[in-house]
Amino acid sequence: MAFWKPGGAKPKQTLPLSAEVDRGAIGDGGRLVVFNRNENLALAAQRERLPIFKCRDAILYLVETRATTVLVGQTGCGKTTQVPQYLVESGWTANGRLVACTQPRRVAAQTIAARVAEEMGVTLGEEVGYAVRFENVSTPGVTRIRFCTDGVLLRELMNDPLLSRYSVVMVDEAHERSLATDLLLGLLKKVQRVRPDLRVIIASATIQAEDFKKFFDQRRIAPKSVATGGVGGGENVADEPSREPGVISVEGRAHSVLIHYLEQPTPDYVQAAVEAALEIHRSEGPGDVLVFLTGEEEIESAVKLLNEEATGHDARKMLGDVGGGNGAGGPIRFTAHPLYAGLSPGVQLEAFRPAPRYTRKIVVASNVAETSVTIEGVVYVVDCCFVKQKAYHPERGMESLLTAEASQASANQRAGRAGRVRPGKCFRLCTEKAFSTMPEMSPPEMIRSDLASTVLQLKALGIDNIMNFEWLSPPPAANMIKALELLYALQALDDDAKLTKPLGMHLAELPLEPQLGKALLVSGELRCVEEMLTVAAYLQVNSVWVSSRGRQKLLDEVKERFAVAEGDAVTALNIHAAYCKAGGVHGGGRARAFAEKNMLSHRALVRAADIRAQLSRHVQRIGLVSSSSGRDSAPLRRAMTAGYFANAATLAPHGGGAEGAAFRSVRGGATLFIHPGSVLFRARPTCVVFAQAVRTKREYMRDVTAIDPEWLPELAPHFYASRQKSGFERPADAGMML
DNA sequence: GAGCACTGC
């Protein structure tokens, strides 16, 4: 294979055990709780064979003696399932206290909880439970270990700012640096000042460990002199742990992966990926192939090329020597499958199904396959070394989703997917030199996101000085100012940047972005609460339509059944009404058939209904009285305007052509287009508000509602008509554009 | 004429 140049380094690095670790001693752990004494002996034996078992005492010693422990656990070491159990066994859940273990993803929280319950021989929801949005499977007073998404724990902090029920919080997958994880870690550090007895465990990959250790090093900071009586354990002062974090590394069980690089850079990585997959198929032994590309378009085009090759190949081979192999012991046939989140569950399943005999499976996937899902049987990985990445541009209040170089950390994670069953190979579609110049890790989400919700949550937690908050990675000042400016415009913050009562507090309570929350709260006065609940819920699901490459015309026709000139929000009302008529969430097969007939995702409809019910409960608690605007869409569109007034655009006089009409944003004057996914794509409303602006190939507005421009100064006079009193910056032309 | 991946009791 002259094409390829073997790399010098293996993707796996291993930290030696930290010198700080005293492997011999273990603190007075308290009562030992023994589970599964008789049953599940096989499971118990399995537990002891996990690599982490050798470090059990060392980990427990660190947790006992340090406020914070950074646990570097390689894939497959068992940290997530075992550490919470070790904590229970050594008494951390005595006196009714809980151990929390957070995950960035719902499914992870659910499946890990199920696994741990099985190992402990208990029923899921009793000693071991989980909490994700819409699902709280736990029993107060009984549950000892609680797996949850980091978002759930953040919400919990709003009701219980000291997390007083918990003795230990373990934050898993912290190296992914998701927005929620970063926020949680910043808040946990704050909680520790007041609650020295709270133990924090941060589970992370190697390259981030030092950052976490530094961040949680509180040796120079005196703890606040707050009595801890009644809060958690904190039996006596002598028990207070060291405020210097401990670090321990546990080796994983993954097999080695040999990395290959290109000798020459490629101008077309989709084509190169296809060629690499075919070359693997021709010359390598058994094992499936996982190809990483950046998005739907690339994936579908690669799958098409592979399928064409497969058909030609089958025709040439004539099934004559099935089972004979490819000369290297590998199969002679292959099948190719796409995998990305936008696919329907049925099509996704194809990628997970084991290949038939004598057949090699080639899965062409987006980033879902990097962390969210695992495909069994993969031995070869092809990595384009690019990724679609979200960025935030505060000056425009706009997000972008553009293809960028992947990070080395991400490429190593992808390569690791080849080493799950046996030693594997990874083929990177870049030169070794190019790889060495790639960023070590991707910038954390916190510094490339819209911070409006984050700032609102911090304010609700009583953290008024946002600039002084200890961020793991401080976001750019411009992002922060933009968020403050928006919250002020929504009247969630007052002139002193303090949370307003009750509006700001209510907005913080709602699990919605602040603009949408505002639209929902305003719907009380505008007498369209029921309609706004529906719209808010539908805006939360990615898309209710099934992804349908090749059936585009059909989807357009189906959309026409529900589409109205008032825009996407009112269209959502029509879909919801039809779905309810077909039985809704309790409609069973009839609702399912309705979804299928109309190319709607049943799963998305159910999720929207769940969210709607949850929002309805919130709204009732806040005290909004139910109301409906019936067939009149104006109140709903006015509510949307009251929330999204900052995202207004007017039709440009001569703009646009075949690509659709051009619009000018009222604030800033940027040229915008209606997204092709919107029902207003071909329409020409004179004035619109939109829920989101995204730059991909051009600058698009999504979730568009047609409005009367007169509503803007009427519903947002403080923004469009009056002079700014406070120091927040406001574009000077905001009022003049109308 | 187009949506990397997640998430909120």
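Every heavy atom of this structure was used, including side-chain atoms; hydrogens, water molecules and symmetry mates were not. Below, chains carry the letters A, B, ... as their sequence lines are ordered, and counting in each starts from 1.
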Specify the separation, in whole Å, of atom CG of A:Asp182 and atom P of B:dC6. 19 Å
Under 4.0 Å between any heavy atoms, over every strand shown, what does A:Thr371 touch: base, sugar-phosphate, or nothing? Just pick one. nothing
Cation-pi, A:Phe435 ring and A:Arg428 (6.0 angstrom, 45 degrees): yes
Reported CG-to-CG distance for the pair A:Leu672 and A:Asn647, which is rounded to 0.5 angstrom: 9.0 Å
Let's go through A:Arg165 and A:Arg146 carefully: what are the C-alpha distance in whole Å and the side-chain angles of both, what is the deciding distance for side-chain contact (heavy atoms from CB on, under 4.5 Å) to 0.1 Å, and is it a yes or a no? CA-CA 11 Å; A:Arg165 304 155 65 193; A:Arg146 196 159 187 245; 3.9 Å; yes
Given atom CG of A:Leu456 and atom C1' of B:dG8, what is their separation to the nearest angstrom? 12 Å
Once you round it to whole Å, what is the distance between C1' of B:dC6 and CD of A:Gln540? 14 Å
For A:Gln692 and B:dC4, give me the distance from atom CD to atom C1', rounded to whole Å. 14 Å
At 4.0 Å (heavy atoms only), tell me whether A:Ser543 reaches a base, stays on the sugar-phosphate, or touches nothing. nothing
Would you say the side chain of A:Arg682 and the base of B:dG1 hold a donor-acceptor pair, judged only by whether the two atoms sit under 3.5 Å apart? yes
Numerically ordered, the residues 130-139 of chain A set in heavy-atom contact under 4.0 Å with DNA chain B is A:Val132, A:Arg133
What pairs of donor and acceptor atoms, side-chain ones from residues 446-457 of chain A against any protein atom, are under 3.5 angstrom apart with sequence neighbours left out?
| from | atom 1 | to | atom 2 | distance (Å) |
| --- | --- | --- | --- | --- |
| A:Arg448 | NE | A:Pro443 | O | 2.9 |
| A:Arg448 | NH1 | A:Lys390 | O | 3.0 |
| A:Arg448 | NH2 | A:Pro443 | O | 3.4 |
| A:Ser449 | OG | A:Glu445 | O | 2.7 |
| A:Asp450 | OD1 | A:Ala452 | N | 3.0 |

Picking from B:dA2, B:dG8, B:dC4, which would you name as closest to the side chain of A:Asn367? B:dC4
Where the side chain of A:Glu445 is defined as all heavy atoms beyond and including C-beta, which of B:dG8, B:dA2, B:dA5 is the nearest nucleotide? B:dA5
Check every strand shown and say whether A:Glu156 touches a base, only sugar-phosphate, or nothing at a heavy-atom separation below 4.0 Å. base
Could you tell me the separation between the CG atom of A:Asp703 and the P atom of B:dG3, rounded to a whole number of Å? 14 Å
On DNA chain B, check which nucleotide each of A:Pro676 and A:Pro104 is closest to and give me the residue with the more 5' one. A:Pro676
Side-chain N,O (A:Tyr340) to OP1/OP2 (B:dA5) below 4.0 Å: no
Could you tell me the separation between the CG atom of A:Leu154 and the C1' atom of B:dC6, rounded to a whole number of Å? 14 Å
By nearest-nucleotide position on DNA chain B, the 5'-leaning member of A:Lys388 and A:Gln457 is A:Lys388
A:Ser366 side-chain proximity, nearest of B:dA5, B:dG8, B:dA2: B:dA5
With a non-hydrogen cut-off below 4.0 angstrom, is A:Ser178 in contact with a base, only sugar-phosphate, or nothing? nothing
Pick base, sugar-phosphate or nothing for A:Arg702, based on heavy-atom distances below 4.0 Å to the nucleic acid. base
Across all chains, not counting sequence neighbours, the salt bridge (charged side-chain N to carboxylate O under 4.0 Å, His left out) partners of A:Glu513 are none
What distance do A:Leu184 atom CG and A:Leu157 atom CG have between them, rounded to the nearest 0.5 Å? 6.5 Å
How is A:Val368 classified with respect to the nucleic acid when contacts are heavy atoms under 4.0 Å: base, sugar-phosphate, or nothing? sugar-phosphate
Just by distance, do the side chain of A:Arg702 and the backbone of A:Val694 share a donor-acceptor pair under 3.5 Å? no
Atom CZ of A:Phe690 and atom C1' of B:dG3: how far apart are they, to the nearest Å? 17 Å
Between A:Glu399 (CD) and B:dA5 (C1'), how many Å, whole number? 13 Å
For a quick check, tell me whether the side chain of A:Asp556 and the base of B:dG1 share a donor-acceptor pair closer than 3.5 Å. yes
Counting distance only, does the side-chain N/O of A:His337 pair as donor-acceptor with the main-chain N or O of A:Ala351 below 3.5 Å? no
